[in-house]
Amino acid sequence: MSRFFVTTAISYPNGRPHIGHAYEVIATDWLARFARADGRETFFLTGTDEHGLKIAQAARKADVPPKQFVDEMVLHFKAMCDRLDISQDRFIRTTDEDHKAVCQALWQKMEAAGDIYLDRYEGWYSVRDEAYYDADELVVADDGTKLAPTGTEVVWTVEESWFFRLSRFQEPLLRLYAEQPEFVQPTNRLNEMRAFVERGLKDLSISRTSFDWGVPVPGSPDHVMYVWMDALTNYLTPSGWPAAGWEAKWPADLHVIGKDVVRFHAIYWPAFLMSAGLPLPRKVFGHGFVLNRGAKMSKSLGNIVEPGALADTFGVDPLRYYLLRAIQFGQDGEWSHETIGRRINADLANDLGNLAQRTLSMIAKACEGRVPPDGPATDADHALLAGVSTMLEEARAAHADVRPDLALDAIWARVSAVNGYLNEMAPWALRKTDPARADIVLYHAAECVRQIALLVQPAMPGSAARLLDQLAVAPKDRSFAAFGKRLVPGTPLPAPQGVFPRWVEPADEPDV
RNA sequence: GGCGGGGUAGCUCAGCUGGUUAGAGCACAGGAUUCAUAACCCUGAGGCCGCGGGUUCAAGUCCCGCCCCCGCCA
């Protein structure tokens, strides 16, 4: 089967990770785990974007060298990945040496193509902020001096800068959008990008001389690369380009990013790659934001919640499940303690958890703790299994569309069907009248739980593993290839244990 | 201001080219059941389908106007 190279955006570690970081990396982890389980050769890249003015400023504020600052901050991001059970194949840092080398190689390639030239950048500059501001952002003070929105004085400044001939790529980009409309998703984002490009593209300033925390521009020691130039290139770095063999890890199949950075990924990045003559990523997906009770988290609102704290409260897998299932991928979504708790109880404890528990405990009691014997199947049995077997294709389609929510919808439709099947067949009653038939019913229910657990793995790896353990499914039989197999009657099973406890809101804790 | 998307049950949302009593999940109420995590299963209640016009035998679905929300751009 095909290769799958998927990335998150790299996080800017000028502050600690928040739920937005967690959301993106969890969704991408689902995509990667799904592809791996489906037998695809998968590479999952995430990491941190460590250069640029804001990091330099934050480091100075903390009174430490920038590298020391990011070395410390990065630990929080890596810890988040560990805590959330993220399965990245590489955690890239833009301060990694191989990355700097690839950035410089890419720069030189673009320069050789004639797309990089030296010119001057002019604008209103605040020395205090080390930043340029647009004229319409400025405020005129009583004494006539011009002030930035931050209240610092700005002066008209001319700075030498390298520019990228983005203007050259208007037509190629429009052609890309026309020929490959799935390049940017959701579709409304593509439309926005097209509208933006149709208005005309200005050349892009891609170097700075006002600070030095960045990748040095080759042959131009006073300049460091513009952070986005540096950051976007991270996707190419693991391929080792331009060294031999890079084609094995480039192009990326999918960049999963926030809706706020679509422009950089859908315009600048492909233009850079076109300039360098490199293949383009196949798809860029801009997801929405996760809001706490409809409000963006901010320090001033005091509603910042660290992902690790949420994982502590609800459990890693329930948190992952909530974010993947409850929010249409691509749309904004909300969360609160009640909504997560409600979802956990309804879907995990009541539906799937209870299904597994009732099935396994009946087997434990009535079938000597072994997978019950199968036997002649009725139409209802066939219908049940046929329905469950459609899950895999539905989930694959959802994966291709980057819609974890839809994949989980499809799985849970089957969870419900199996609960209905058990109620209708009532194996607890059959046990007294027709024990052989009761065994067959339980066999079918357990087999369905096995298939469901297989497909749940990418969303909730730990919990799914516990379910599969309880069905005595060998580790080698946990890829999607195992959909073709069946539980083997007579296999001894461990004592069943609940996997998804109900969530009870702590009475004394205020709801955040 | 320009372009685009949207306003449908308490909440989150489905409703393709107009056509029987507008759907799902959650939450809520009742029933049934007792294998199971006060769970499962069944039933029910709950909608001027943003507002006002219009086209049509027929409009949530098309057209016009207005109000509100969101996104991109300026």
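In this text, all values refer to a predicted model and were calculated from it rather than measured experimentally. Here is the naming used below: chain letters follow the sequence lines, and residue numbers restart at 1 for every chain.
The side chain of R358(A) sits closest to C35(B) out of C41(B), A14(B), C35(B). In the set C40(B), U34(B), G2(B), U34(B) carries the atom at the smallest distance from any side-chain atom of W428(A). For N354(A), the side-chain atoms get nearest to U37(B) when compared with the rest of U37(B), G2(B), C35(B).
The list of salt bridge (charged side-chain N to carboxylate O under 4.0 Å, His left out) pairs with a residue in residues 413-422 of chain A, not counting sequence neighbours, is empty.
Following rounding to the nearest Å, L201(A) (CG) and C73(B) (P) show an atom-to-atom distance of 13 Å.
Close placement of the W503(A) and F314(A) rings is indicated, their centers lying within 6.0 Å of each other. A ring-centre distance under 6.0 Å is found for F329(A) and Y23(A). Checked against a 6.0 Å centroid threshold, the rings of F183(A) and H255(A) do not count as neighbours. Y226(A) has its ring centre no less than 6.0 Å from the ring centre of Y268(A).
As rounded to the nearest Å, C28(B) and C70(B) have P atoms that lie 31 Å from one another. Spacing between G19(B) and U43(B) at atom P, rounded to whole Å, works out to 26 Å. Here the separation of U55(B) from C69(B), taken at their C1' atoms, is 29 Å to the nearest Å. On the C1' atoms, C40(B) is 10 Å away from C35(B), given to the nearest whole Å. The same atom, C1', is picked in G15(B) and in G47(B); the two are 14 Å apart, to the nearest Å. Rounded to whole Å, the separation between the P atoms of G31(B) and A45(B) comes to 16 Å.
D332(A) pairs by the salt bridge (Lys or Arg N to Asp or Glu O under 4.0 Å) definition with K259(A), not counting sequence neighbours. For N350(A), the side-chain contact (heavy atoms from CB on, under 4.5 Å) test picks out R502(A), with sequence neighbours left out. The side-chain contact (heavy atoms from CB on, under 4.5 Å) test applied to D409(A) returns R325(A), L406(A), not counting sequence neighbours.
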> Which letters describe nucleotides 22-27 of chain B, given B = protein heavy atom under 4.0 Å from base, S = only from sugar-phosphate, - = neither?
Replying inline: ----SS
> For RNA chain B, what string of dots and brackets results from 5' to 3' when Watson-Crick and G-U pairs need both distances under 3.5 Å, crossing pairs get [ ], and pairs with another strand get |?
Replying inline: (((((((..((((.....[...)))).((((.........)))).....(((((..]....)))))))))))).
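Between M362(A) and D260(A), the residue whose closest nucleotide on RNA chain B is further toward the 5' end is M362(A). Nearest-nucleotide positions on RNA chain B place Q331(A) closer to the 5' end than the other of Q331(A) and L352(A).
Between S416(A) and C41(B), a side-chain N or O to OP1/OP2 separation shorter than 4.0 Å is present. One finds no side-chain N or O of K259(A) lying less than 4.0 angstrom from the OP1 or OP2 phosphate oxygen of C72(B). Look at R502(A) and you'll find a side-chain N or O under 4.0 angstrom from OP1 or OP2 of A39(B).
The distance from atom CZ of R431(A) to atom OG1 of T433(A), rounded to the nearest 0.5 Å, is 10.0 Å.
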